[in-house]
Amino acid sequence: MPSAKQIPAYDAEAIETKWQRIWEETGLFKTEEDPAKPKRYVLEMFPYPSGDLHMGHARNYAMGDAMARQARMQGFDVLHPMGFDAFGLPAENAAIKHDTQPRTWTEKNMATSLATMRRMGFSYDFDRLVRTCDPSYYRWEQWLFLKMWEKGLVTRRTSPVNWCPSCKTVLANEQVVDGVCWRCESVPERRELEQWYLKITDYAQELLDGLDELTGWPDRVKQMQRNWIGRSEGANITFALADEAGKPTEETFTVFTTRPDTLFGATFFLLSPEYPGLFDIVAPEEAEDVKALCELAARTSAFERQATEREKHGAFTGRYAVNPVNGRLLPVWVADYVLTDYGTGAVMGVPSGDERDFQFARKYDLPIPPVVVGEDDPLYAELKDERELKVMDVPWEHAMAAEGRLVQSGPFTGLVGGHGSEAVSAIIAWLSERGLGEAKVEWRLRDWLISRQRYWGTPIPAIHCPTCGIVPVPEEDLPVVLPDALDLASGETLAECPEFYETTCPVCGGPARRETDTMDTFCDSSWYYLRYCDPHNDEAPFSKEAAARWMPVDNYIGGIEHAILHLLYSRFFSRVLRDLGMVEFSEPFTNLLCQGMVKDEHGDVMSKSKGNVVAPASVIGPYGADTMRMAVLFVAPPVKDFDWDPKAVAGCNRFIKRVWRLVFELAGEGFEAEHGEISPEELAGADAELNHALHSLGLRCTRDFERAQYNTAISAMMELANAATSYLAAVGEGERNAALMALVARDLVAILAPICPFVAEELYHEALGFTTSIYDEPWPVFDEAQAATEQVEIAVQLKGKVRARITVPRDLAKEELEERAIAAVADRIAGLTIRKVITVPGRLVNIVAS
RNA sequence: GCCCGAGUGGCGGAAUGGCAGACGCGGCGGUCUCAAAAACCGCUGACCGCAAGGUCGUGUGAGUUCGACUCUCACCUCGGGCACCA
């Protein structure tokens, strides 16, 4: 018999401190490395240690921890590691500001963040902590760089780059967001610099194709990567420069176009202001104009120059190109809207087929002959019959159809044009036969610029020798250690630190200079997930066996802001490592969950400058970590943004306190003392109802865990608590089924455990009387058969509208069910003929009568 | 301009083509209390009705279906990605 046992008060802080200590002492969350168990690799994106963790981290890690803890209970060998993305510019800037060292600042922040992680009860295996600023880590990054170099994936070249004047370093293409530096929002300058690149473009097609296999990734992210990679199919077409007499010379230009079908509509020819050898072809009398235009382009920022609304500027070169398809002479112009680093830097001007060319033609009064007429054009019908129109007969107002039939296009007139159309193939074939062009694919993706002119990063392992050129640092000399104690506050850089850069050439032994650029921090985060598999290896970045055991990551969780940068770079690194024979897979992350942002009460992004940041500590203090964890998971589905709501937090705290009392009440003298055989078929009334609730809600909750829908998993727990509360209210103390109550109590605690670990562990011990950890308890088994009730409510519909509800035995025969349903609505269908009866067993009967 | 998402009560949000609004917040009423807080119980989409009950209702309009928040088409609004990329 359950006794009137005194229920202790719920003291979150005491409980949480206690279990945090015990879990650490017993090493409960060390990775087991038990090959008999199936593996599960649960990973949250590691933080940049810029201070303490914020709400976004708390939400991210609460999800990962729920996943890892549940997987463990389900019998998986779980790898759930954590680390720090510890190199980066904010540390250096903070060090300059406070006259300290980046390492000191970073160490302090890592310690603070670690304390918060422990306080939150995240079940990380801290023995595997990885910090990218440790030589034991970046040594292997330098090693990987050397391997890539050997493979020909590292290049050093001079090209126009984005230089951030405030960060005093170059930026990767991906790091210029909306025309400004992703970090400090200053406008980058365009500079011609020699820099280090990784040839990610070698993998462009594969990175694009691989997206189709990633069924566990959100479509949104895959779409963003597709946009970023930007594959365009078209053709390269050769145009010859004309001589004085208008005859083709030996000098040619190649243009890339996605619309070769509009070739007959070309009326001018364009070169970019940076086109190599431009001034060799400019006619002397036009040189001044062209020069002015090039200077204007050089003065304009890259972002401004690429703004869609910007007015186009051009200058005539005084020369003509020959359209290979009809011999027409096209004036060659220089235009500032032509990009130098996409395609060939030369473009054919088709004003009727391209909005930009159209604007240009209107401004400089160039002809605009239509070549594609759309279906809705009045000319279209005429065209289908005649198949030919006189050149220049059609006014320019008919321009700008993306798809339609070709006009004024010689032998191709009448063909269907548009992207990937028959006209495109026909013209490419025609050009190919004559050696004037070929099909070509272009990419928006550029090679990854990885060198940074900053101190706090992984040194690039290269040496500049006056005799031998640029040579790699020999493997045995790794790591190239980043020196401590530069006087950053006075502006000292690696390039001014002879202790660092003075060295000898590994080839000739002569005096040489060490490379003083460091690597982009995104290199650090492109392979850290592999290091976790084998974090203490000092022979290799990781062993093949360890990678084979744990990779790929089964569940990767992090913010959408990494959709392009980090997630694309990591996919690239994985493929390189595969081609180096170090791993067997191509895709590093099987399932990806991008959690939404936590915003403030008014829907604004939390930021220090706005002063609207809610610190995790402000919730953990008054309510405890369990409440904090539940709140960030309950308020919204994982992928959605949510606005921080203190009321919702209080609601979660109320629920935890309710469960606390409820479990003590249900558990009686403890699980062992109370539990006994329960024969489901003998349960009746309230007992049967409670048992049904346990199994149906347990199933729902389990399924919601599996699809990472924590908000609905929690509501299933709440419903189970409600069912148990109703049971206690409805059944007198002497009538209660103690065994059933003990079972409900144990299972409720078990399903709560992944989300609220502290209170679950405490209840498991103190209310239910267990002595082992709840994380050694298997996930409860819920039974489909017991989830079903004997009586079911059936909706009776008339033509799809619910008109009555009847309660019948679950296994009632179809005929009888329909009979009863018809009887229930007899007065409504009196005088009508029943045309059809649709029955969905256990749910509804729909009667169609007229 | 191109490409993705998303529109459901006062709010956050639930619903394998089958009883819309689970669960929570808030609100209203009650129990307990000298009182308040806490806790607990009940009600809570809109409109009509004393009530039984009825009508309407998932951004708008059409369609498919016995039946549509769910599928199809068009449109509106919001959010996101790409963008002088030829």
Separation of [X] atom [atom1] from [N] atom [atom2], in whole Å?
X: A:D354; N: B:A83; atom1: CG; atom2: C1'; answer: 13 Å
X: A:D261; N: B:A86; atom1: CG; atom2: P; answer: 13 Å
X: A:F634; N: B:G13; atom1: CZ; atom2: C1'; answer: 8 Å
X: A:I847; N: B:G18; atom1: CD1; atom2: C1'; answer: 14 Å
X: A:I564; N: B:C3; atom1: CD1; atom2: C1'; answer: 13 Å
X: A:M718; N: B:C23; atom1: CE; atom2: P; answer: 11 Å
X: A:M597; N: B:A6; atom1: CE; atom2: P; answer: 18 Å
X: A:I794; N: B:G67; atom1: CD1; atom2: P; answer: 20 Å

With a non-hydrogen cut-off below 4.0 angstrom, is [X] in contact with a base, only sugar-phosphate, or nothing?
X: A:E311; result: base
X: A:Q359; result: nothing
X: A:P637; result: sugar-phosphate
X: A:D643; result: nothing

Quick one: which of [options] gets closest to the side chain of [X]?
X: A:R310; options: B:G12, B:C84, B:C66; answer: B:C84
X: A:N846; options: B:G18, B:G13, B:C56; answer: B:G18
X: A:W228; options: B:A83, B:A14, B:C66; answer: B:A83
X: A:R444; options: B:C25, B:C82, B:C84; answer: B:C82
X: A:I838; options: B:C85, B:C3, B:G18; answer: B:G18
X: A:M224; options: B:G18, B:A14, B:G81; answer: B:G81
X: A:R356; options: B:A86, B:A22, B:G12; answer: B:A86
X: A:V347; options: B:C23, B:A86, B:C25; answer: B:A86
X: A:L339; options: B:G13, B:A86, B:A15; answer: B:A86

Do A:D645 and A:K647 sit within salt-bridge range, that is, some charged N less than 4.0 Å from a carboxylate O?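 Salt bridge: no.
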Is A:D336 salt-bridged to A:R310, going by a charged N under 4.0 Å from an acidic O?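 Between A:R310 and A:D336 there is a salt bridge, with a charged N closer than 4.0 Å to a carboxylate O.
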[N] and [M]: how far apart are their [atom1] atoms, nearest whole angstrom?
N: B:A39; M: B:U33; atom1: C1'; result: 12 Å
N: B:G79; M: B:G63; atom1: P; result: 32 Å
N: B:G24; M: B:A14; atom1: P; result: 15 Å
N: B:C69; M: B:C85; atom1: P; result: 42 Å
N: B:A15; M: B:C23; atom1: C1'; result: 12 Å
N: B:G7; M: B:U70; atom1: P; result: 11 Å
N: B:A68; M: B:A20; atom1: P; result: 11 Å
N: B:A6; M: B:U58; atom1: C1'; result: 13 Å

Summarise protein proximity over nucleotides 38-46 of chain B in one line of letters, 5' to 3': B for base, S for sugar-phosphate only, - for none, counting protein heavy atoms closer than 4.0 Å. -SSS-----
Please list each protein N or O that sits under 3.5 Å from an N or O in nucleotides 9-11 of chain B, with the distance.
none

Can you tell me if the side-chain N/O atoms of [X] get under 4.0 Å from OP1 or OP2 in [N]?
X: A:R703; N: B:U16; answer: no
X: A:K640; N: B:G13; answer: yes
X: A:R828; N: B:G54; answer: yes
X: A:Y342; N: B:A86; answer: yes
X: A:K836; N: B:C66; answer: yes
X: A:N227; N: B:G80; answer: no

Between A:W333 and A:F360, does the ring centroid distance fall short of 6.0 Å?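 Yes, they do, as the ring centres are separated by less than 6.0 Å.
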For A:Y337, does the six-membered ring have the charged nitrogen or CZ of A:K312 within the cation-pi criterion, i.e. under 6.0 angstrom from the centroid and within 45° of the normal?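 That pair qualifies as a cation-pi contact.
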[X] and [Y]: side chain donor to acceptor below 3.5 Å:
X: A:Q205; Y: A:R231; result: yes
X: A:T254; Y: A:N236; result: no
X: A:E818; Y: A:T839; result: yes

Checking one value: the base orientation of B:G9, syn if chi is within 90 degrees of 0, otherwise anti.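 Judged by the O4'-C1' to base torsion, B:G9 sits in syn, the angle falling within 90° of 0.
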Establish whether the base of [N] is bridged to the side chain of [X] by a donor-acceptor pair shorter than 3.5 Å.
X: A:R231; N: B:C85; result: no
X: A:R259; N: B:A86; result: no
X: A:K312; N: B:C84; result: yes

Taking for each residue the nucleotide of RNA chain B bearing the nearest heavy atom, is the 5' side occupied by A:T712 or by A:Y337?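 First, find each residue's nearest nucleotide; the 5'-ward one identifies A:T712.
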Could you say whether A:Q223 or A:D645 is positioned toward the 5' end of RNA chain B, judged by the nucleotide with the nearest heavy atom to each?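 Taking each residue's closest nucleotide, the earlier one in sequence belongs to A:Q223.
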Using the test side chain to side chain donor-acceptor pair (under 3.5 Å), find all partners of A:T238 that sit at least two apart in sequence or belong to another chain.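 For A:T238 there are no side chain to side chain donor-acceptor pair (under 3.5 Å) partners, ignoring immediate neighbours.
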Using both distances under 3.5 Å as the test, list the Watson-Crick or G-U wobble partner of [N], or none.
N: B:U64; result: none
N: B:U33; result: none
N: B:A51; result: none
N: B:G17; result: none

Go through A:V845 and A:I838 one step at a time and tell me if the side chain to side chain contact (heavy atoms under 4.5 Å, CB included) criterion holds. CA-CA 6 Å; A:V845 177; A:I838 292 116; over 6 Å; no
Residue pair A:Q223, A:R226: steps toward the side chain to side chain donor-acceptor pair (under 3.5 Å) verdict: CA-CA 5 Å; A:Q223 200 54 46; A:R226 276 188 201 106; 3.2 Å; yes
[X] atom [atom1], neighbour heavy-atom count above 12 within 6.0 Å:
X: A:E233; atom1: CD; value: no
X: A:E13; atom1: CD; value: no
X: A:R220; atom1: CZ; value: no
X: A:E185; atom1: CD; value: no

